Undergrad: 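Dropping the structure in here first, questions after.
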There are 2 protein chains.
Amino acid sequence: MTEQVPAGRPTLEAVAARAGVSRATASRVVNGGDGVRAHLVDKVRAAVLDLGYVPNHAARTLVTRRTGAVAVIIAEPEIRIFSDPFFSRQIRGISKELTAHDTQLVLLLVEHRGDYGRIERYLAGGHVDGALAFSLHTDDPLPAITRRIGMPTVYGGRPGWTGQADGAAPYGPLSYVDADNRGGAREAVRYLVSRGRRQIAHIAGPPDQTSATDRLDGYRDVLVDADPALIAEGDFTPAGGARAMAELLERCPDLDAVFAANDLMATGALGVLRERGRSVPGDVALVGFDDAELVAESAVPPLTTVRQDIEGMGRLMVRLLLRSLDPAQESHRVPGSVITPTSLVVRGSA
Amino acid sequence: MTEQVPAGRPTLEAVAARAGVSRATASRVVNGGDGVRAHLVDKVRAAVLDLGYVPNHAARTLVTRRTGAVAVIIAEPEIRIFSDPFFSRQIRGISKELTAHDTQLVLLLVEHRGDYGRIERYLAGGHVDGALAFSLHTDDPLPAITRRIGMPTVYGGRPGWTGQADGAAPYGPLSYVDADNRGGAREAVRYLVSRGRRQIAHIAGPPDQTSATDRLDGYRDVLVDADPALIAEGDFTPAGGARAMAELLERCPDLDAVFAANDLMATGALGVLRERGRSVPGDVALVGFDDAELVAESAVPPLTTVRQDIEGMGRLMVRLLLRSLDPAQESHRVPGSVITPTSLVVRGSA
DNA sequence: TTGTAAGCGTTATCAC
DNA sequence: GTGATAACGCTTACAA
């Protein structure tokens, strides 16, 4: 059996043959063509084109030990994965930036605690060069995993225990990108104060997420001795916001402003206020957080809210990660962290 | 340089050495262990455990020509990617089913027309075994691409031109999974009729998506000679629904019911109706489509809507695709299509 | 500047 | 049953 018809996809060998060069030279051209005479570069490029050659990814990975892929791990046991516009935008930012670097996005959704075994095996299997993760809960097993197997990882949102003294960790402290939640919250509350509001309530997020606790801290920074009755806990969903709002109205019927820890909860609160006949912003001023698309602007009235550049944060996570993956970089293996600024967007609700 | 310290991750070779067998036997055990004496199986398993061996994916792919990964292509130029709860749930279904089959999900977001070159290169590069795609617009280049490179693909939602006579296509007609949009729409409209509504309007989705046109067709099936003024076009977003609702109210102030082609538009319509002082369902009955989580149920009043099993559809797409990937299957390379049933969920809005 | 050749870690085809 | 050994397609010293 000689003289076989060109069976599957063309290989580098075929390209080299057609261009009349060695496989090595063909490889050089495919990878940029530095140090190859223009003459040959053209020949090889032509061969690539006629043959429709596309490099075999597995073969390349096998030798370079680089996969050109990054895992995006979304560990959110709750129903809100993806439905939350926050994730959507961050993913979009991540996707764009990865694409710009010719890197693929492998999505790993974690639904159950038991999924972590699978995640660890996957990450350890050399399928990806690095990982991006979100929504770390205080007892999340992920950091231990990525650390153990030495997988460079950047987190979205400040982890709950980043302050731990952990100098012995293989790659230093965790790296993350987060918005200035505390500062943003302060600005929101100060704004309400400046508008003459006196009984400013807060609908907080789940206490095991730093984005929630940081916003609560910001609220407290301004209202140092606020009545604890003015604080109710939600879960970042509209329904949770509605429940919290009902509670607050019960406990403090005279409140004249609400700062909700995210826009979704703010919309829930809005519904309850309307039901109870409180006008917004007349009787009660309402400020959200996120400036979530399809939510903040289209609420009635449109939400005054704290904007964070979610897409930009996604892009930043990628840049941090890829930089740490580059052996030539000084920052090799230590991604570092970044806090991005927020800004208050004033609309109709406050 | 002999006597090297166990440098990187352990290889099959190392496992074999430790277990005192050949690499071939070790490989057999790792891949199920059929035809190997229990005695040796145990030894190899033990070695795998102590060494923390994880197979190298690239090496395996190189020889088996199977990547164990599937691309999920989301080609939605609009802002609603992911923010739309519909996608979220379908992705969840897909993710769960892929996980159950030990297959990875590679996410490819298409934002611009120019992205298709990249997508084609990626698919042709042998990174994935098959593809799943959504939201096909009438002139979408994707089917031509997947067909050209022979990539098994299952679509979410009926493509616009599936009816074309295309027997010559390499792998037969496109395969897809879709809900019974037309039947569901009929049921919704019939329900409104049965409740005594007489001026039933429709807020349609974008005419280049079959889910929208199929629902419109269902509406027309029941209301054969409905006044064209009763039909307004939206874009599947709340804002679009609001605009359409305003138009309808302008043109047909006496309408007493609205069937919106999705829940998001229904919520937009709801806001406008409320603003205009029309009670729901008193003055105007409102029915949506999707039974979108965090949307339908939490609307005020909660939305009567047509439910489709979105997550189930996602799972089904995966099953169809994986079946077509299995060379042992009779259905090899021809995924086939499925239409899943819908059901009317009656809540407060109609 | 170009070619030769040695792997990268697996699976698969053979003999044994 | 088990073990050599030849691919798989590519990159990269090293030699020329």
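Each chain gets a letter, A, B and so on, in the order its sequence line appears, and its residues count up from 1. Since the structure is predicted, the reported quantities are computational estimates derived from the model, not experimental observations.
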Undergrad: Assign each of B:A24 and A:P10 to its nearest nucleotide of DNA chain D by heavy atoms, then name whichever residue's nucleotide is nearer the 5' end.
TA: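 The 5'-side residue here is B:A24.
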
Undergrad: Between D:dG3, D:dT12, C:dT10, which nucleotide gets closest to the side-chain atoms of B:V63?
TA: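 Comparing D:dG3, D:dT12, C:dT10 against the side chain of B:V63, the answer is C:dT10.
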
Undergrad: So which nucleotide from C:dG9, C:dT11, D:dT11 ends up closest to the side chain of B:S27?
TA: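 Selected nucleotide (nearest to the side chain): C:dT11.
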
Undergrad: Take atom CG of B:L51 and atom C1' of C:dG9, then tell me their distance rounded to the nearest Å.
TA: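 Rounded to whole Å, this separation is 15 Å.
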
Undergrad: How about A:V29 and A:K43: do any of their side-chain heavy atoms sit closer than 4.5 Å?
TA: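 Of all side-chain heavy-atom pairs linking A:K43 with A:V29, none is under 4.5 Å.
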
Undergrad: So that I can tick it off, tell me whether A:R18 and A:D50 are bridged by a salt bridge, with the cut-off set at under 4.0 angstrom between side-chain N and carboxylate O.
TA: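 Salt bridge present between A:D50 and A:R18.
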
Undergrad: If only side-chain N and O atoms of B:R37 are considered, is one of them under 4.0 Å from the OP1 or OP2 phosphate oxygen of D:dG1?
TA: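 No, outside the criterion.
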
Undergrad: Is the shortest distance from a Lys or Arg side-chain nitrogen in A:R323 or A:D326 to a carboxylate oxygen in the other one below 4.0 Å?
TA: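 Judged by the 4.0 Å cut-off on N to carboxylate O distance, A:R323 and A:D326 do not form a salt bridge.
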
Undergrad: Report the distance from atom NE2 of B:H57 to atom C1' of C:dT11, rounded to the nearest whole Å.
TA: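 The answer, rounded to whole Å, is 14 Å.
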
Undergrad: For the atom pair CD (A:E97) and CG (A:L321), what is the distance rounded to the nearest 0.5 Å?
TA: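 Separation between the atoms: 11.0 Å.
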
Undergrad: Choosing from C:dT11, D:dG1, D:dT12, which nucleotide comes nearest the side chain of B:L12?
TA: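 Looking only at side-chain atoms, B:L12 lies closest to C:dT11.
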
Undergrad: Whole Å only: how far is the CG atom of A:L62 from the P atom of D:dA7?
TA: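 Rounded to the whole Å, the gap is 17 Å.
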
Undergrad: Hey, is the side chain of A:T25 poking within less than 4.0 Å of OP1 or OP2 on C:dG3, counting only N and O atoms?
TA: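 True: A:T25 side-chain N/O within range (under 4.0 Å) of C:dG3 OP1/OP2.
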
Undergrad: Rounding to an integer number of Å, can you tell me how far B:Y53 OH sits from C:dG9 P?
TA: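 For the pair B:Y53 OH and C:dG9 P, the rounded distance is 10 Å.
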
Undergrad: Whether A:R60 contacts C:dC8 is assessed here as follows: a side-chain N or O lying under 4.0 Å from the phosphate OP1 or OP2. Is that the case?
TA: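 No, A:R60 has no side-chain N/O under 4.0 Å of OP1/OP2 on C:dC8.
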
Undergrad: So, OP1 or OP2 of C:dG3: does either fall under 4.0 Å of a side-chain N or O from A:S22?
TA: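 Checking C:dG3 against A:S22, a side-chain N or O does come within under 4.0 Å of OP1 or OP2.
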
Undergrad: Take atom CD of B:E13 and atom P of C:dT11, then tell me their distance rounded to the nearest Å.
TA: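 After rounding, the reported distance stands at 13 Å.
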
Undergrad: In terms of side-chain geometry, is the basic nitrogen of A:R23 or A:E13 positioned less than 4.0 Å from the acidic oxygen of its partner?
TA: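 Salt bridge flag = yes for A:E13 with A:R23.
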
Undergrad: When we call it a touch if two heavy atoms are under 4.0 Å apart, what does A:R28 touch: a base, just sugar-phosphate, or nothing?
TA: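 The answer is base, as A:R28 lies within the cut-off (heavy atoms under 4.0 Å) of a base atom.
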
Undergrad: Compare the minimum distances between each of D:dG9, C:dT10, C:dT11 and the side chain of A:A59, then state the nucleotide with the smallest one.
TA: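 When the side chain of A:A59 is considered, D:dG9 is the closest of D:dG9, C:dT10, C:dT11.
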
Undergrad: Reckon A:V30 touches a base, only the sugar-phosphate, or nothing at all at heavy-atom distances under 4.0 Å?
TA: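 No contact.
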
Undergrad: Looking only at side-chain atoms of B:R65, point me to the closest of D:dC8, D:dT11, C:dT2.
TA: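 Closest nucleotide among those given: D:dC8.
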
Undergrad: Quick check on D:dC8: is either OP1 or OP2 less than 4.0 Å from any side-chain nitrogen or oxygen of A:N56?
TA: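 So the side-chain polar atoms of A:N56 never come under 4.0 Å of the phosphate oxygens OP1 or OP2 of D:dC8.
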
Undergrad: Over all strands shown, is B:R23 touching base, sugar-phosphate only, or nothing at heavy-atom distances under 4.0 angstrom?
TA: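 Base contact.
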
Undergrad: D:dG9 P sits how many Å from B:H127 NE2, rounded?
TA: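 Value for this atom pair: 15 Å.
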
